[in-house]
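Here's the structure we're looking at; comments come further down.
We name chains A, B, ... by the order of the sequence lines, and we start the count at 1 in each one.
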Amino acid sequence: MNCVPQPDPDVVTTIMPDGDMIPLHLRTRQYFSLNKTGTLMWELMMKSTTIAGMGRALFDRFEVTPEAAEETVSELIEDLKSHRLIRISGREEPIR
Amino acid sequence: MKYSLCGVILRVFSIPASRAACVTRTLESLFSLMPSSGPGSEFRVEIFLRDLPEEEVSGEVVFDAPGLRALRTEQGYHLQSGGSYLGLDMRSGLAAGWLSEAFLNSPLEDQRGLFLFALLLLLSGQGLYGLHAGGVVWDGCGFLLVGDSGSGKTTLTCALARSGWQYLSDDSVLLTRGKEGLEALAFGRPFHCAQAMFRHFPELKSRAIGASEQSPVFGKQLVDVAPIYPGRFRSSTRPQVILFPEITRARCTRLVPLDSTAALLRILSEGAGLLHSRQSMTDQVTLLVDLVRNASAFRVMIGADVHHEPHKVSVLLRQLAKPGAARRSASSPISNLRGDHTDELCSAA
């Protein structure tokens, strides 16, 4: 859970008028659609937040259990990873 | 001879000179070229052909399909089609290479890929980006019809042209930033008609240019529609409505609104031939975002009335061209992080 997911350097993002974000990989052309909550997660990734830290942010902001927050973050990470939009490093980062 | 293609001067040179005339005739048949006598834009696209064997070229393969291969090189791109090739210099707008007799004598549809790729790449360097879309206009309001092959773009374009609409193309337009905002420019000239279309639009058969024996999978014929719908051609428009046609078995055509995010995702998957340099792709995506922000978007569930009562489909779509036509957005569920979008079906406006 102290792994740090980060956007692939070849990804550009677009913010739509309704607040959704679309990350697009310039080499693979893979893209994804993130709603406002997903966009928050992406912004945390850009700040090198750990997966655990992202779960805590979700827990703090929404009325979800810690387990549900953790599971939701994990699912999103897996989705983005399968689209090759993010990379995972195993660096130890300060707990945020 | 000098031509204008979407505001860019185009010329063809060759050694021997006779080959230039042949290539020019081909380009005139395939793209919306107009003879130009003025000085034209600063940027020019020049195709220079000479009888020299192809040299060894190294580069990253960015496209590889039967009949066409593209490599990215230091200067730009190298395109290969059978024994013919064109080397593209993006900075100067020059395409230099050699086209074999077999290539020049092949059906138009078989030659189209090489020229289409070359022009799209060279023009992208000037902020003109290709979109796999048809373009039609009603009362000054531009509509783009975006979708994969077989989605119904040509069928819908013909139905609307029959009902008095103007058209740019059934299949390919260029998007660019004009002085007054985003513009769509006519690019592809002939319509791409499936055999089944001739039953419902018999007027098209008389102007079929020819089918490709090598493209039976697509089963489409090029049709010069200018004589069929005289005076309806339009070289440019400001797109205000984006339509995503889908052929259905329903009796009547109906519309389903899309929000801008859903529209952008569909354009990325069905319409935008994204380019290969980081800067070009970034610029192209920015253009597409501006397009969906400033236009209304709808799925068009095409029914049988497109063939039997095309004027009804025309009346339905004409309503979208009215000033102040409400932009209806489908709801965007935020109950999960994945941001999946669910379309809401609604009756036709």
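Atom CG of A:D18 and atom OG1 of B:T261 lie 3.5 Å apart (nearest 0.5 Å). In this structure, the separation between CG on B:L288 and OG1 on A:T14 is 9.0 Å, given to the nearest 0.5 Å.
Annotation for B:L265 and A:Y31: closest pair O-OH, 3.2 Å, computed over non-hydrogen atoms. Between B:R293 and A:I15, the shortest heavy-atom contact is NH2-O, 2.6 Å. In terms of heavy atoms, A:H25 sits closest to B:M281 at O-CE, 4.5 Å.
Ranked by heavy-atom pairs under 4.5 Å with chain B, the list A:I22, A:V12, A:L40 is led by A:I22.
In B:E180, the CD atom is not crowded: 12 or fewer heavy atoms of neighbouring residues, nucleotides or ligands sit closer than 6.0 Å. More than 12 heavy atoms of other residues, nucleotides or ligands lie within 6.0 Å of CZ in B:R177, so this atom counts as buried by the packing criterion.
In this structure, no portion of B:T286 lies under 4.5 Å from any heavy atom of chain A.
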